[in-house]
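Numbering of residues begins at 1 and proceeds along the displayed sequence.
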Amino acid sequence: RLDLYQFHSVSTDADVDDILGGGGAMEVFRRLKEEGKIGGIGFSAHSEPAAVRLIESGLVDTCMFPINFAAYHYGGVGR
């Protein structure tokens with residue numbers, strides 16, 4: 001069993017739509033979690049709006065988000 005399985009580098013609304021849409025990856029992840037093959041569902045994100053959408057879906061257990069000078073200064077993350 002994997003403790004945590006994550007979507008990687010969720011960056012756009014299209015990424016979130018692909019994950020949450022019918023026949024999307026979230027359906028597979030949820031089934032694997034129900035079967036006990038994975039313990040948690042998470043994601044890493046590089047876009048605040050995309051991260052908020054996934055969090056608000058209520059379907060994820062973890063969020064990994066870059067918090068550092070470069071992300072703030074060059075990417076606007078956290079502004």
Side-chain angles (χ1 to χ4, degrees):
R1 175 186 127 147
L2 296 173
D3 290 331
L4 176 65
Y5 207 77
Q6 291 190 301
F7 300 103
H8 176 66
S9 190
V10 179
S11 301
T12 67
D13 281 333
D15 292 340
V16 177
D17 293 341
D18 288 344
I19 291 167
L20 297 179
M26 183 60 79
E27 289 182 8
V28 176
F29 279 34
R30 290 182 72 194
R31 179 174 45 81
L32 292 171
K33 187 174 179 181
E34 289 170 8
E35 293 172 359
K37 294 180 179 175
I38 60 175
I41 298 170
F43 68 95
S44 67
H46 299 275
S47 158
E48 292 171 45
V52 169
R53 281 189 62 200
L54 276 175
I55 291 166
E56 288 180 343
S57 77
L59 300 174
V60 296
D61 303 302
T62 67
C63 170
M64 184 170 68
F65 204 83
I67 300 175
N68 60 57
F69 175 77
Y72 177 82
H73 184 71
Y74 297 108
V77 174
R79 289 188 184 178

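- Under a 4.0 Å N-O distance rule, the pair Arg53/Asp17 qualifies as a salt bridge.
- Considering only heavy atoms from C-beta on, Glu34 stays 4.5 Å or farther from Leu32 through its side chain.
- With Asp61 contributing its side chain and Ile41 its backbone, the two residues share a donor-acceptor pair below 3.5 Å.
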Fill in: side chain to side chain donor-acceptor pair (under 3.5 Å) assessment of Ser11 paired with His46
CA-CA 5 Å; Ser11 301; His46 299 275; 5.6 Å; no

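- Expressed to the nearest 0.5 Å, how far OG of Ser47 lies from CG of Asp13 amounts to 7.0 Å.
- At a threshold of 4.5 Å between side-chain heavy atoms, the hydrophobic network of Ile, Leu, Val, Met, Phe, Trp and Tyr places Met26 and Val28 in one connected group.
- Annotation: side chain of Val10 is in contact with side chain of Leu54 (closest heavy-atom distance under 4.5 Å).
- Side-chain contact check for Tyr5 versus Lys33: every heavy-atom pair is 4.5 Å or farther apart.
- Cluster annotation: Val60 and Leu2 are assigned to the same hydrophobic cluster (Ile/Leu/Val/Met/Phe/Trp/Tyr, side-chain heavy-atom contacts under 4.5 Å, transitive).
- At a threshold of 4.5 Å between non-hydrogen side-chain atoms, the residues Leu20 and Leu59 count as touching.
- Ring geometry for Phe7 versus Phe29: interplanar angle under 30°, hence parallel rather than tilted (30 to 60°).
- Between Glu35 and Arg31, at least one side-chain nitrogen of the basic residue sits less than 4.0 Å from a carboxylate oxygen of the acidic one, meeting the salt-bridge criterion.
- The minimum heavy-atom distance between Gly39 and Arg1, with the atom names listed, is CA-NH2, 3.4 Å.
- Leu4 and Phe65 fall into different hydrophobic clusters, defined by Ile, Leu, Val, Met, Phe, Trp and Tyr side-chain heavy atoms under 4.5 Å apart, directly or through other members.
- Between Glu27 and Gly21, the shortest heavy-atom distance links the atoms OE2-O, 4.1 Å.
- Atom SG of Cys63 and atom CZ of Phe43 lie 3.5 Å apart (nearest 0.5 Å).
- Within the 3.5 Å criterion, the main-chain N or O of Thr12 finds a donor-acceptor partner in the side chain of Asp15.
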